[in-house]
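Read the structure below first, then the notes.
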Amino acid sequence: MGQKTVAETIREITRRHLEGGGMLLGESISAVGWVNNTVPDCKGIVELPMTDVAGSGIAVGAALVGRRPIFVIRFQDFLILNGSPLIFYAAKVKELHGKSAPVFVRAIASEGLGPVHSGVLHSIFMHFPGFRVASPMTPKEYEEVWADYMSNDDPMIVSEHRCSYANSREMEDLIAEDADITLYAISSTRFEAIKAAGQLAGEGIRCNVVHIVWLKPFIVDTRITAPLKSSRLGMVIDPGHEIAGASQALAYMISDATGFRVKALGLRDRTKCLHPPLQNRAPDAKRICEAVREILLEGGKVPL
Amino acid sequence: MRTSYFNVVKNGASIVGPDTALEIFKRICLARSFEAGLIEAVREGFVTAPVYLSMGQEAIAAALSLAIPEFMIFAQHRCHAAYLSFGGNAERLRDELLGLPTGTSGGRAGSNCIQCHDNDVTMHGHHGLIGENVPLAVGAALGSGKPTVCFFGDGAAEEDYVLSGMGFASTHRLPVLFVCEDNNLSILTDVATRRSWSVTKIADALGITNADLSDDPWTLYLTARELKKSLPAFINTFTCRANWHVGIGVDGPPEWDRFEIIRQDLSALGLSKEIAGIEDDARSAMESIWDKKLLQRLSGR
């Protein structure tokens, strides 16, 4: 222990950037908690009025003139409003005009806060050309994503999750000998996949856990394929909606590259409600365990 | 008050002086002659992608290009006149409309997305959401501190993010000149059918210095030179689109013919000979750009 947390890492990166002449824009940044203590109190912070579309356009405009703004979106659901200038301008300007608008979008996800404050929408941005999309859950991963942003000129969607902010540990892939299944976990479900692997081990089911940070570009390299060659079954787990979401997209890509069966596990096709049992929460360890047992029962290790 | 003479200064051409007046006229003629050639190129099938013509509205860009030549530009569709007046290269614009790699965006963007980063001109391309350029311009002014002009139409002015963008510019006193080219039409729906409020009054309420006037270039020139001292500022200028929203068609005669009014103004100053020469020069220059044999070679058609 004694290591930096993800929140502290974000705050330090931000402070470095702002003191070096960068900008940070967002709504109610300096209000209670400074966005879960991820924003430092220093120069370069621009408080936007409560105007999501224009606010996003202002951030993109600042990116267009080279300021490399950090744009904070407190709840990813708001990306539906903020998304227009990001999708239609920032992501297109390079291919259309040979210019760039590298905005670092801190899209923050939560859980249990109801229908429009609990969403995970990174899948939408994977769909459109022109973005880089990542979901770091550890301090080192966040530093790497930031370094990538600073060395590229693409707009970056950083799918954060509040559950990661207190995390100070790095998360290595878990590779089990003669594993029965490989779990590819994204965002908050990475913490749950580790728990699930532990629980399933008690039942004699051996799981690989491969952590997915980069959603786009998603590179199907040997880190992704090698564990599957042994387990011959896989499952991609994502806190966003399963249908047409990151879990299905990545499952298809992995399956297509390896020929092995890879399932998807995400949110059920229902609205997230505020109170249990209708919250439609991201897959937790219990649900992951159930899904793994079901897959193994369905056909075991039979390749496609 | 939508008339050709609303808030227009008397003897404006005389006040700005013959040199400036003739330079404004020259830029108007360049845009008109360019688009005359473009219309023919569309008719002949050389240009097949949608075109958004500035024809009828070109006095606005011509006047402002002399009043605020150093401003960074965020225009939207109907921006050929802004591009040409502020110093964009006509051949590169033609090539963009033809879809050629030598176009302003390599032939990838087209008529409503014109950019310019040559000849000390910085004009950022629009992508097609009307009014998107307003918050972008505001953000660019915030990020760079550079004076910025943003052109948009009376329809775009109704977008919520346009009004919010103007509000942000007011709060932070950003150096942005907002110019609403009010041709009274969104496609073909007039302003009175769409809304009961005035953008100028909104600007006033936001604490933005503003002016409501017709598209008389002399008054626009004088007004912009004053307003640039107290940015952010807003101009709503009544104007008449000569052609369809998109395409080269014509719905009928415009409410007024600004080009003819300008000619009369300059003739009244004894500049008939000069304006005839300018018109001939512009026509000749643009005829060579739109030469049919050249177009056949460039377009492969």
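Sequence lines set the chain letters: A, B, ... in the order given, protein chains first and strands last, and positions in each chain run from 1.
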If you count every heavy atom of other residues, nucleotides or ligands that lies below 6.0 Å from [X] atom [atom1], does the total exceed 12?
{"X": "W34(A)", "atom1": "CH2", "answer": "yes"}
{"X": "R108(B)", "atom1": "CZ", "answer": "yes"}
{"X": "D120(B)", "atom1": "CG", "answer": "no"}
{"X": "E95(A)", "atom1": "CD", "answer": "no"}
{"X": "K228(B)", "atom1": "NZ", "answer": "yes"}

For this session: Look up atom OH in Y89(A) and atom CD in E132(B), then write down how far apart they are to the nearest 0.5 Å.
Result: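 Rounded to the nearest 0.5 Å, the OH-CD separation comes out at 7.0 Å.
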Exercise. Once you round to the nearest 0.5 Å, how far does OG1 of T122(B) lie from NZ of K99(A)?
Worked result: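 These two atoms lie 8.0 Å from each other.
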Exercise. Checking Q115(B) side chain against H97(A) main chain: does a donor-acceptor pair fall under 3.5 Å?
Worked result: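 Judged by distance alone, yes, a pair lies under 3.5 Å.
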Exercise. Who among I58(A), V60(A), L64(A) has the most heavy-atom pairs with chain B under 4.5 Å?
Worked result: I58(A)
Problem set entry | S164(B) to A54(A) - nearest heavy-atom pair and separation |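 Heavy atoms only, the tightest pair is CB-CB, 3.5 Å.
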Exercise. Between G143(B), G110(B), G167(B), which shows the greatest number of heavy-atom pairs under 4.5 Å with chain A?
Worked result: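 The residue among G143(B), G110(B), G167(B) with the greatest pair count is G143(B).
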For this session: With a 4.5 Å cut-off on heavy-atom pairs, point out which of G139(B), A109(B), G131(B), S144(B) contacts chain A the most.
Result: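 Among G139(B), A109(B), G131(B), S144(B), the one with the most close pairs to chain A is G139(B).
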Problem set entry | Steps toward side-chain contact (heavy atoms from CB on, under 4.5 Å) verdict (M23(A), L142(B)) | CA-CA 10 Å; M23(A) 296 175 77; L142(B) 173 75; 3.4 Å; yes
Are [X] and [Y] side-chain neighbours, meaning at least one heavy-atom pair lies under 4.5 Å?
{"X": "L48(A)", "Y": "F168(B)", "result": "yes"}
{"X": "L129(B)", "Y": "S84(A)", "result": "yes"}
{"X": "M72(B)", "Y": "V65(A)", "result": "yes"}

Exercise. What part of H124(B) is in contact with chain A, defined as an atom under 4.5 angstrom from a non-hydrogen atom: side chain, backbone, both or neither?
Worked result: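 H124(B) touches chain A through backbone and side-chain heavy atoms alike.
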Problem set entry | Heavy-atom proximity to chain B below 4.5 Å, by part of V93(A) | both
